Each structure stands twice: as C-alpha cells, then as structure tokens.
Amino acid sequence: MVSMHQTLAFAVMAFAIIIIPGPNVLFVVGRALAHGRRTALAGVGGGVLASLVLTVAVAIGVGSIVERSAIVFTALKVVGAVYIVYLGVQAFRHRRSLQETIAADEEGQGGDGRALLQGFVVGVTNPKTTVFFAAVLPQFVVREQGHAPVQMMVFGLVFAVIALLSDSVWGIAAGTAREWFARSPRRLAAIGGTGGLMMIGLGVTVATTGHKD
C-alpha cells in the first residue's frame with residue numbers, strides 16, 4: 001500500500017524536523033530536569049500517543065478544520081500554552097522537594113500515569129503539530145494507490161517512532177545530568193527550578209507565537 005520510496009522520503013523529512021529542538025524537546029528536557037528520566041520518558045510516551053491521535057484526526061479530516069480555522073487554531077494554542085505554564089509553575093514551586101521526588105521515583109512511585117497524561121495533553125493541544133500533519137502528510141500520499149487515510153496513518157506511525165527515539169535520547173541525557181546535580185540539594189533545587197522556568201517560558205512562547213499564516 002505504501003512503497004519503500006514513499007516511506008524513506010517521509011522518514012528523512014520527519015527526522016530533519018524532529019531532530020531540531022522544538023516545543024516537544026523543551027518540554028521533555030524540562031520534565032527531566034525537574035522530575036527525572038522516568039517522568040520525562042513517560043511524558044515522551046504521552047507525546048507519541050498524541051501524535052498518533054492527531055494523525056488519525058488528520059486522516060479523517062479534522063486536521064483540515066484546524067488548518068483553515070483561526071479560531072480553532074488559537075483555542076488549541078491557548079489551552080496548550082496555559083497547561084504548559086501550569087506544569088512549569090508546579091515544578092518551580094516544588095523545586096526544593098525534588099530529593100523526595102527522586103526517592104519516590106526509585107521506589108516506583110513517580111506517577112508514571114500522570115506524566116503520560118500530561119505529555120499527551122501537551123502534545124494533542126499543540127496546533128503546530130496538527131497543521132504540520134495536515135499540510136505535509138497528504139504530500140506523500142499516492143492517491144492512485146487508494147486508501148489515502150491508511151497511507152497517512154502509516155506515515156504518522158513512522159513519525160511517532162522517530163519522535164519516540166529522538167525525544168527519549170533528550171530525556172535520558174537531561175535526566176542523567178540531573179543525577180549529578182542530585183548530589184547536592186542546593187544544586188538539585190536550582191536545576192529543578194530551571195526546568196520549571198523552561199516550561200513556563202515555553203508556554204509563553206507557544207501563546208505568543210506560531211500565528212496562522
């Protein structure tokens with residue numbers, strides 16, 4: 001249904017876009033610095049699930065609504081931005097209790113389900129991702145082969161796999177750096193606060209940029 005040439009062409013383009021640090025990477029790094037690798041990787045999983053949901057939405061036509069409607073685009077942007085800022089504020093407020101968070105993570109009490117949900121909400125409310133899928137996925141579809149929605153879903157799966165690998169590397173690297181800071185409560189509080197401020201800055205940036213062309 002989807003040729004190897006189509007798949008490789010899309011994979012190269014997707015990799016070039018994903019590998020450049022953007023909102024998703026900053027969110028993962030912020031979570032890793034504030035809460036550790038486990039929370040960051042759970043957030044990555046939520047983001048990947050969000051990309052798959054958005055792929056299905058685009059395939060059945062919802063994506064075109066977001067692409068053409070400034071109201072829907074702005075609503076999604078504001079909701080996502082507010083949620084990211086909220087997560088950043090929470091991380092900054094609790095920066096001095098990160099030593100306890102590490103202990104909870106080590107005991108398997110890190111709230112993976114909540115981190116997964118947070119990553120999903122951030123990913124699914126990112127209008128740029130929806131618009132990207134709506135604008136790019138159809139370019140790789142060969143309509144003569146039929147089943148265009150299925151072809152788009154295949155490309156979305158390829159995108160999700162690449163994003164999973166790339167974002168996981170960022171999360172692991174940031175989480176590893178955090179472990180060094182964890183040797184000192186003061187340094188750990190500083191890096192946790194930095195992660196929270198990164199997310200707050202990301203939320204503000206999402207809210208004030210990315211206007212629909």
Side-chain angles (χ1 to χ4, degrees), residues 1-29 31 40-81 83-84 113 115-172 202 206 209-213:
M1 178 119 11
V2 177
S3 69
M4 182 61 67
H5 175 74
Q6 287 173 272
T7 304
L8 289 176
F10 178 80
V12 170
M13 184 216 61
F15 179 78
I17 292 175
I18 292 172
I19 199 65
I20 300 173
N24 287 342
V25 170
L26 292 178
F27 175 76
V28 170
V29 170
R31 297 301 279 172
L41 292 178
V44 169
V48 169
L49 289 177
S51 70
L52 293 176
V53 170
L54 292 176
T55 298
V56 174
V58 168
I60 63 177
V62 174
S64 62
I65 298 177
V66 175
E67 186 179 29
R68 298 171 185 173
S69 172
I71 295 177
V72 176
F73 182 92
T74 301
L76 279 175
K77 181 177 68 174
V78 171
V79 170
Y83 189 67
I84 293 173
L116 182 74
L117 178 60
Q118 291 171 342
F120 178 82
V121 172
V122 170
V124 83
T125 57
N126 183 357
K128 289 184 178 181
T129 303
T130 305
V131 172
F132 167 78
F133 282 155
V136 174
L137 291 183
Q139 307 304 318
F140 291 86
V141 170
V142 178
R143 297 194 179 279
E144 290 75 14
Q145 295 178 355
H147 305 287
V150 176
Q151 292 185 55
M152 291 186 190
M153 291 179 191
V154 171
F155 296 137
L157 181 59
V158 171
F159 185 95
V161 170
I162 296 174
L164 174 64
L165 296 175
S166 177
D167 291 353
S168 294
V169 169
W170 279 104
I172 291 172
L202 171 60
V206 170
T209 61
H211 298 294
K212 183 176 181 293
D213 295 328

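Treat the numbers as computed from the prediction; the structure is a model and nothing was measured. If you read the sequence from its start, that first residue is 1, and numbering goes on from there.
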Testing the basics here: between A50 and G123, what is the closest heavy-atom pair and its distance to 0.1 Å? CB-C, 3.6 Å
Scanning both residues in full, the closest heavy-atom pair of T55 with M152 reads CG2-O, 3.4 Å
Should the ring pair F133 and F159 be called parallel, tilted or perpendicular, given that the plane angle runs from 0 to 90° and is split at 30 and 60? perpendicular
From D167 CG over to I172 CD1, what is the distance, rounded to the nearest 0.5 angstrom? 11.0 Å
Checking the side chain of T125 only, and the main-chain atoms of V121 only, is there a donor and an acceptor separated by less than 3.5 Å? yes
Exercise: identify the closest heavy-atom pair between A11 and V158: CB-CG1, 4.0 Å
Between S51 and V48, is there a donor-acceptor pair closer than 3.5 Å when you use the side chain of the first and the backbone of the second? yes
Under 4.5 Å between any side-chain heavy atoms of L41 and S168, yes or no? yes
Which heavy-atom pair separates A40 from G171 by the least distance, and what is that distance? CB-CA, 4.3 Å
Gap between atom CG of L165 and atom CZ of F15 - 0.5 Å precision: 9.5 Å
Output the distance between atom CZ (R31) and atom CD (Q118), rounded to the nearest 0.5 Å. 4.0 Å
Positive for side-chain contact (heavy atoms from CB on, under 4.5 Å) with F120, one of V122, V124, L116: V124
